[in-house]
2 protein chains.
Amino acid sequence: MTDTKTKILDIAERLIQTRGFNGFSYIDLANEIGIKTASIHYYFKTKDDLAAALVERIHKAHAEGFSNIQASTSSPRKRLQAVIAFFQQYAADGKFCLCGMMAAELRSVSSHVSSLLNKYFKDFQTWLARQFKDAGASDAQRQALSFLSALEGSLLLARLRGDPKIVHEALKSFCKA
Amino acid sequence: MTDTKTKILDIAERLIQTRGFNGFSYIDLANEIGIKTASIHYYFKTKDDLAAALVERIHKAHAEGFSNIQASTSSPRKRLQAVIAFFQQYAADGKFCLCGMMAAELRSVSSHVSSLLNKYFKDFQTWLARQFKDAGASDAQRQALSFLSALEGSLLLARLRGDPKIVHEALKSFCKA
DNA sequence: GTCTATAGGTGGATAGAC
DNA sequence: GTCTATCCACCTATAGAC
């Protein structure tokens, strides 16, 4: 049996990825878990605290995921392919990137959360840059920025069009060059 | 003196680009204009009607803008540069793309608005593909998709980091090849 | 930890007067 | 066209009992 705090995080993560931070409420969480909203406040005093916990949790999870890819996959191009496949699943599930969503709704979160989002994307870009550098690119940082941008943008378009393959299509060129 | 309906559209456009569709209310519009919320409902019966009008208006405006660039700018690469400069101004103003924002908040709008968003991006991609084709690319449609994705994603990152130049940086490679 | 109860605010939307 | 008045639903958050 999963504990309540984890349940809250799991459901909130899914709801933000599908509906956005301003598109769900504590009542949605409470109803799905079968508790009352007051109990959610016991774990996360404010909605912004919940947002911060979610960004930190997904930052950690993705960092571990990237680390695993680094260890298990031989070539930099194949590592990038693995990342694409992972995020394409978001689109297939009707989800957007959690941090991308919050970056869109930036004005609705505190500067603390905004700072956590910045850290998430900075680490993501650094990992990507390492792949491009290992592949022999001279402008690894810029390529990493382009890849990251195209990933976020293609997730938006893929969900809008109901076609997850768009993510792979938009990022294809980065794995060939 | 601008008429009320145009004022509503102008202010709503800015608020959606900065705060998102779920991040502003009829009271925000009414306060800025100096009227009451009931008067907003006279022009736009529901918030979704307002959303639809905004997507259609910006679709038309951007189509005309692209048409002007097509007529006034000689090379396809320079035309893409002009588009980048236009959207980079959004980031400089702390704004995201209106249609990108609504694509993120997709679950909060009707299927009618969702359909209008699809049309907007389809036309955008078609115009971009024409530029890549004119520049001699064999995979113009795919390049257009990559460009569009990177544009949307870089707008998110540029605003988050408070650095508009990121848009130009992320799209640089498309204007060089 | 979870509950009841409630505060206190904001949301979109409508009816009908002017 | 714009207003007043109002509805009713929803939201985040808190106090205090169990």
Side-chain angles (χ1 to χ4, degrees), chain A residues 1-55 98 101-102 104-114 116, chain B residues 1-55 98 101-102 104-114 116:
Chain A
M1 194 64 175
T2 320
D3 68 347
T4 306
K5 191 168 186 174
T6 305
K7 277 185 195 165
I8 295 169
L9 290 167
D10 288 344
I11 297 168
E13 181 175 310
R14 198 191 70 233
L15 291 177
I16 290 178
Q17 289 186 281
T18 49
R19 300 191 210 161
F21 184 67
N22 287 325
F24 83 102
S25 72
Y26 272 33
I27 293 175
D28 296 318
L29 300 173
N31 286 345
E32 275 206 54
I33 300 172
I35 55 176
K36 301 296 173 183
T37 61
S39 304
I40 315 275
H41 283 282
Y42 169 78
Y43 295 100
F44 303 99
K45 206 159 185 357
T46 69
K47 206 182 175 186
D48 199 73
D49 291 336
L50 174 56
L54 280 166
V55 175
L98 179 113
M101 185 69 87
M102 291 192 145
E105 297 177 291
L106 198 63
R107 289 273 133 75
S108 298
V109 298
S110 66
S111 60
H112 176 236
V113 171
S114 160
L116 293 174
Chain B
M1 193 63 176
T2 319
D3 68 346
T4 306
K5 190 168 186 174
T6 305
K7 277 185 195 164
I8 295 169
L9 290 168
D10 288 344
I11 297 167
E13 181 175 311
R14 197 190 73 234
L15 290 177
I16 290 177
Q17 289 186 281
T18 49
R19 299 192 211 161
F21 184 67
N22 288 324
F24 83 102
S25 72
Y26 272 34
I27 294 176
D28 296 319
L29 300 172
N31 286 346
E32 275 206 53
I33 300 172
I35 55 177
K36 300 296 171 182
T37 60
S39 304
I40 316 274
H41 282 282
Y42 169 78
Y43 295 100
F44 302 99
K45 205 160 188 354
T46 69
K47 205 181 175 187
D48 199 73
D49 291 337
L50 174 56
L54 280 166
V55 175
L98 178 112
M101 185 69 87
M102 290 191 151
E105 297 177 291
L106 198 62
R107 288 275 133 74
S108 298
V109 298
S110 65
S111 60
H112 176 236
V113 171
S114 160
L116 293 173

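Just the heavy atoms: all of them, side chains too, but no hydrogens, waters or symmetry mates, feed the values below. In the text below, chain A, chain B and the rest are named by the order of the sequence lines, each starting its count at 1.
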Margin query: Can you measure B:K7 atom NZ to D:dG1 atom C1' for me and round it to whole angstrom units?
Written below: 13 Å
Checklist line | Separation between CG of B:N31 and NZ of B:K36, rounded to the nearest 0.5 Å | finding: 7.5 Å
Note to self: Just the rounded figure in Å: distance from P of D:dA13 to CD1 of A:I27.
What the structure shows: 12 Å
Next item on the list: Please state whether the phosphate of D:dT2, meaning OP1 or OP2, lies under 4.0 angstrom from any side-chain nitrogen or oxygen of B:T4.
Entry: yes
Item checked: A:K47 to A:F21 six-membered ring, cation-pi geometry met (6.0 Å, 45°) -> yes
Checklist line | B:K36 side chain near D:dA5 phosphate (N/O to OP1/OP2, under 4.0 Å) | finding: no
Item checked: Euclidean distance, A:I11 CD1 relative to A:E13 CD, rounded to 0.5 Å -> 11.5 Å
Next item on the list: Write down the distance between CZ (A:F21) and C1' (D:dT12), rounded to a whole number of angstrom.
Entry: 11 Å
Next item on the list: Taking only the side-chain nitrogens and oxygens of A:S25, find out if one of them lies under 4.0 Å from OP1 or OP2 of D:dC10.
Entry: no
Margin query: With a 4.0 Å limit, can you tell me whether B:S39 has a side-chain N or O closer than that to the phosphate oxygens OP1/OP2 of D:dG1?
Written below: no
Note to self: How many whole angstroms separate atom NZ of A:K45 from atom C1' of C:dG1?
What the structure shows: 15 Å
Notebook entry, point to check: Can you tell which of C:dA5, C:dG12, C:dG1 lies closest to the side chain of A:Y43?
Noted result: C:dG1
Next item on the list: Side chain of B:H41 only, please: which of D:dC3, C:dG12, D:dT12 is the nearest?
Entry: C:dG12
Margin query: With a 4.0 Å cutoff (strictly under), does any side-chain N or O of B:Y26 reach OP1 or OP2 of C:dT10?
Written below: no
Notebook entry, point to check: When you check the phosphate oxygens OP1 and OP2 of D:dG1, does a side-chain N or O of B:Y42 lie under 4.0 Å from one of them?
Noted result: yes
